[in-house]
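Take a look at the structure below.
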Amino acid sequence: MTTPNELRLLPWSGPGDKPCYLSTDDPNGYMSRLADGIEAVQLDTASELLEEASEALDNQDTSLDEMRCLAAELTGALWDVYRVATSRGRLLATSDPRESAY
């Protein structure tokens, strides 16, 4: 089983917007794969929103309401990406550096 400093931050929040963690030593277990899948969707969504934002900024006809909506969606996506980066950073920090050398 994992030690407390090896808990995985999951890509969703619990009640009261509190972080959820996974304690497992099986990276191929159901919950690990579910978290991986959700993270992939979140990263894809952020990528699509970045493309949409770039197009909206280039378009002089983009309305203020459209820009506000896009800014709100980008903010949500940025929070998701930040959570993924934090989770993966923790996983990298707790992995054995000798394993990543090969």
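We use all heavy atoms of the structure for the numbers below, so side chains are in, but hydrogens, waters and symmetry mates are not. The structure displayed is predicted, hence computed values, not measured ones.
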- request: Starting at CD of Glu73, measure out to CZ of Arg68 and round the result to the nearest 0.5 Å.
  value: 14.5 Å
Sequence neighbours excluded - salt bridge (charged side-chain N to carboxylate O under 4.0 Å, His left out) pairs with any residue from residues 27-36: Arg8-Asp36
message: If we ignore hydrogens and angles and just use 3.5 Å, is the side chain of Thr86 paired with the main-chain N or O of Tyr82 as donor and acceptor?
response: yes
- prompt: Do Leu70 and Leu49 touch side chain to side chain, with heavy atoms closer than 4.5 Å?
  reply: yes
message: Donor-acceptor pair, distance only, cut-off 3.5 Å: does the side chain of Glu51 make one with the backbone of Glu48?
response: no
message: Using every non-hydrogen atom in the two residues, find where Asn59 and Asp61 come nearest and quote the distance to one decimal.
response: OD1-N, 2.8 Å
- prompt: Are Tyr30 and Trp12 connected in a single hydrophobic cluster, I mean Ile/Leu/Val/Met/Phe/Trp/Tyr linked by side-chain heavy atoms less than 4.5 Å apart?
  reply: yes
task: Apply side chain to side chain contact (heavy atoms under 4.5 Å, CB included) to Leu10 and Ser87, showing your working.
output: CA-CA 7 Å; Leu10 294 172; Ser87 176; over 6 Å; no
- request: Compare every heavy atom of Leu74 with every heavy atom of Leu50, then report the nearest pair and how far apart it is.
  value: N-CD2, 4.2 Å
task: Could you go through the side chain to side chain contact (heavy atoms under 4.5 Å, CB included) check for Leu22 and Ser32 one step at a time?
output: CA-CA 8 Å; Leu22 176 63; Ser32 293; 3.5 Å; yes
field: Ion pair check, Glu39 and Arg88, cut-off under 4.0 Å
entry: yes
statement: Nearest heavy-atom approach of Pro19 to Leu9 is CB-CD1, 3.7 Å
query: Less than 4.5 Å apart, any side-chain heavy atom of Leu57 and any of Met67?
result: yes
- request: Can you establish whether the number of heavy atoms outside Trp79 located under 6.0 Å from its atom CH2 is more than 12?
  value: no
task: Please check if any side-chain donor atom of Ser13 sits under 3.5 Å from a side-chain acceptor atom of Arg83, or the reverse.
output: yes
Using atom types as modelled, flag every donor-acceptor pair under 3.5 Å from a side chain in residues 40-47 to any protein atom, sequence neighbours excluded.
residue: Gln42; atom: NE2; partner: Pro11; partner atom: O; Å: 3.1
residue: Thr45; atom: OG1; partner: Val41; partner atom: O; Å: 2.9

